[in-house]
Amino acid sequence: MVESEVRPGEAEVTEQTITDYALRDGQCSFHAIGACAMGVGPDAVLDPQLRVRGIDSLRVMDASVLPRMVSGNPNGPLIAMSTLAARRILAGR
C-alpha cells in the first residue's frame with residue numbers, strides 16, 4: 001500500500017521545483033532501438049542476416065537491430081531473433 005509520495009517528494013510543489021526535478025532526475029521509459037537497423041536498403045547498417053555491411057565477420061544482435069519499435073516489450077522478439085541469429089552463425093550463413 002502506498003502511504004506517501006516517494007518522488008519527487010512533498011518539497012517539490014511549485015512549477016519550478018517540479019521542472020527542476022524532471023530535468024535533474026527524469027528518465028526515458030522507452031527501449032532504445034534502431035541504431036544499427038537491419039534491412040535491405042542502402043541506408044540499413046545490417047543486412048537481413050545481421051551482418052554489418054562492409055565489415056567481414058561482424059554481426060550485431062540486440063535491440064539496435066530493430067528497424068521499428070515492436071508494439072509491446074521487445075524481450076520476446078529479441079529472444080527469438082537471438083536464437084535465429086545463433087543458428088545462422090553456427091550454420092555459417
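Every heavy atom of this structure was used, including side-chain atoms; hydrogens, water molecules and symmetry mates were not.
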Test side-chain contact (heavy atoms from CB on, under 4.5 Å) applied to Met61 and Leu84, Leu46, Leu50, the passing residue: Leu50
Which pair of non-hydrogen atoms, one from [X] and one from [Y], has the smallest distance, and what is that distance?
X	Y	value
Ala37	Pro67	CB-CA, 3.8 Å
Pro74	Val70	CA-CG2, 3.8 Å
Val60	Cys36	CG1-CB, 4.4 Å
Pro48	Val40	CG-CG1, 3.8 Å
Gly39	Ala44	N-CB, 3.5 Å

Set of residues satisfying side-chain hydrogen bond (donor to acceptor under 3.5 Å, both in side chains) with respect to [X], sequence neighbours excluded:
X	answer
Thr14	Thr17
Gln16	Asp20
Thr19	none

Suppose we screen for side-chain contact (heavy atoms from CB on, under 4.5 Å). Which residues come up paired with [X], at least two apart in sequence or across chains?
X	result
Ile55	Val52, Leu58
Asn73	His31, Asn75
Ala63	Ile33, Leu78
Ser71	none

If Ile, Leu, Val, Met, Phe, Trp and Tyr residues are connected whenever their side-chain heavy atoms lie under 4.5 Å apart, and connections chain through other members, are Val45 and Ile89 in the same group? no
Under the salt bridge (Lys or Arg N to Asp or Glu O under 4.0 Å) rule, what pairs show up with a residue in residues 65-91, not counting sequence neighbours? none
May I have all residue pairs that pass salt bridge (Lys or Arg N to Asp or Glu O under 4.0 Å) and include part of residues 32-58, sequence neighbours excluded? Asp47-Arg51
Taking only residues two or more places apart in sequence, or in another chain, which ones meet Asp62 in a salt bridge (Lys or Arg N to Asp or Glu O under 4.0 Å)? none
